[in-house]
Amino acid sequence: MDLGIAGKWALVCGASKGLGYGCAQALVREGVNVVINARNAEALNQAATRLIAEGASPQVLAVAADITTPEGRAAVFSVAGGPGRDFDIVITNAGGPPTGDFRDWNRDAWIKAVDANMLTPIELIQATVDGMAARGF
């Protein structure tokens with residue numbers, strides 16, 4: 001199926017495995033350029049190698065950084081050869097709170113989960129939405 005997104009740029013967070021990798025893989029198969037992000041550089045580079053082997057996407061760029069930090073977001077937005085803030089698609093995937101009984105989580109665990117799964121996506125959206133709107137995408 002042609003989704004009409006070939007040649008667009010996508011940022012996919014948490015893309016070294018699981019749902020994030022699956023999203024990146026689906027985008028690559030549609031011909032989308034992807035910037036993949038995760039904290040673990042080794043796992044991320046292995047994911048990039050597998051995505052490049054798909055051969056459908058013009059570019060796969062890997063940025064190992066903690067996207068929940070200002071420094072991590074700056075690294076993603078400044079990737080050499082990439083789109084900067086000109087992403088057409090942003091997949092805000094992150095790990096959830098720790099496993100276990102939620103009654104055992106302390107305030108710090110909750111704040112970390114809210115930061116990773118709500119505040120970080122909001123900051124990514126704020127950084128990219130104007131460019132998306134300007135390009136009509």
Side-chain angles (χ1 to χ4, degrees):
M1 169 185 345
D2 182 1
L3 299 176
I5 57 176
K8 299 290 187 185
W9 276 96
L11 168 62
V12 184
C13 301
S16 64
K17 60 184 177 180
L19 291 173
Y21 179 80
C23 290
Q25 185 178 44
L27 290 166
V28 164
R29 289 178 178 168
E30 288 294 321
V32 175
N33 301 296
V34 295
V35 174
I36 58 172
N37 164 257
R39 289 177 294 216
N40 182 312
E42 183 179 345
L44 185 65
N45 289 330
Q46 290 172 358
T49 299
R50 291 192 311 273
L51 291 170
I52 291 167
E54 295 269 345
S57 182
Q59 292 191 58
V60 175
L61 306 173
V63 180
D66 183 350
I67 198 73
T68 68
T69 67
E71 297 81 14
R73 289 186 294 278
V76 164
F77 290 129
S78 67
V79 63
R85 293 178 185 260
D86 295 333
F87 290 108
D88 301 297
I89 301 163
V90 177
I91 308 293
T92 60
N93 177 50
T99 59
D101 189 329
F102 79 97
R103 293 170 292 201
D104 295 330
W105 301 337
N106 63 23
R107 179 173 175 76
D108 289 339
W110 282 108
I111 296 299
K112 187 175 179 180
V114 167
D115 184 48
N117 292 286
M118 187 176 88
L119 300 179
T120 294
I122 288 170
E123 291 193 44
L124 291 170
I125 292 165
Q126 286 178 322
T128 57
V129 71
D130 290 336
M132 289 180 187
R135 289 185 303 284
F137 195 75

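These numbers come from the heavy atoms of this one structure, side chains and all, not from hydrogens, waters or symmetry mates.
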> Apply side-chain contact (heavy atoms from CB on, under 4.5 Å) to Met132 and Val90, showing your working.
CA-CA 10 Å; Met132 289 180 187; Val90 177; 3.4 Å; yes
> Within the structure provided, determine whether Val63 and Phe77 are in side-chain contact (heavy-atom separation under 4.5 Å).
no
> Flag the pair Phe87 / Val35 as yes when at least one side-chain heavy-atom distance between them is below 4.5 Å, and no otherwise.
yes
> Under 4.5 Å between side-chain heavy atoms, hopping through other hydrophobics if needed: is there a path connecting Leu27 to Ile52?
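Result: yes, single cluster for both.
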> Can you confirm whether Leu119 is buried at CG, in the sense that more than 12 heavy atoms of other residues, nucleotides or ligands lie under 6.0 Å from that atom?
yes
> What pair of heavy atoms forms the shortest contact from Glu54 to Val28, and how long is it?
CB-CG1, 3.7 Å
> Would you say Asn33's side chain and Gln59's backbone share a donor-acceptor pair under 3.5 angstrom?
yes
> To check you understand the geometry: which heavy-atom pair defines the closest contact between Ala94 and Asn117, and what is its length?
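Heavy atoms of Ala94 and Asn117 come nearest at O-OD1, 3.5 Å.
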> Decide side-chain contact (heavy atoms from CB on, under 4.5 Å) for Thr120 and Arg73; before the verdict, give the C-alpha distance in whole Å, the side-chain angles of both, and the deciding distance to 0.1 Å.
CA-CA 9 Å; Thr120 294; Arg73 289 186 294 278; 3.9 Å; yes
> Going only through I, L, V, M, F, W and Y residues with side-chain contacts under 4.5 Å, is there a path from Leu124 to Val34?
no
> For a quick test of reading the model, state the closest non-hydrogen atom pair linking Ala65 to Gly72 and the distance between them.
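For Ala65 versus Gly72, the nearest heavy atoms are CB-CA, 3.7 Å.
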> Got a second to check how far Glu30's CD is from Lys8's NZ, nearest 0.5 Å?
13.5 Å
> To the nearest 0.5 Å, how far apart are CG in Asp66 and SG in Cys13?
10.5 Å
> Quick check on the hydrophobic clustering: are Leu11 and Tyr21 connected, directly or via other members, by side-chain heavy-atom contacts under 4.5 Å?
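Per the 4.5 Å side-chain linkage, Leu11 and Tyr21 are not co-clustered.
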> Mind checking the OG1-CD spacing from Thr92 to Glu123? Nearest 0.5 Å is all I need.
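Thr92 OG1 to Glu123 CD: 12.5 Å, rounded to 0.5 Å.
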> Can you tell me how far CG of Asp130 sits from CD1 of Ile125, rounded to the nearest 0.5 angstrom?
12.0 Å
> May I have the step-by-step check of side-chain contact (heavy atoms from CB on, under 4.5 Å) for Trp9 and Thr128, ending in yes or no?
CA-CA 11 Å; Trp9 276 96; Thr128 57; over 6 Å; no
> Quick one: are Ile36 and Leu44 in side-chain contact, heavy atoms under 4.5 Å?
yes
> Taking all atoms of both residues into account, what is the closest heavy-atom pair of Ala116 and Pro121, and its distance?
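It is O-CD, 3.5 Å.
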> Determine whether a donor-acceptor pair (N or O, by modelled atom type, separation under 3.5 Å) exists between the side chain of Asn45 and the backbone of Ala41.
yes
> Is there a side-chain contact (heavy atoms from CB on, under 4.5 Å) between Asp86 and Arg135 once you walk through the steps?
CA-CA 9 Å; Asp86 295 333; Arg135 289 185 303 284; 3.5 Å; yes
> Do you know the tightest heavy-atom contact between Ala38 and Ala15?
CB-N, 4.3 Å
> Counting C-beta onward and ignoring hydrogens, is there a side-chain heavy-atom pair between Ile122 and Met118 closer than 4.5 Å?
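Touching, per the 4.5 Å side-chain cut-off.
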> Can you tell me how far apart CD (Glu42) and CD (Gln46) are? Round to the nearest 0.5 Å.
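Glu42 CD to Gln46 CD: 5.0 Å, rounded to 0.5 Å.
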> Between Leu3 and Ile91, is there a shared hydrophobic cluster once you connect ILVMFWY residues whose side-chain heavy atoms come closer than 4.5 Å?
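Yes, it is one cluster - the side chains of Leu3 and Ile91 are joined through contacts under 4.5 Å.
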> If we ignore hydrogens and angles and just use 3.5 Å, is the side chain of Asn93 paired with the main-chain N or O of Val12 as donor and acceptor?
no
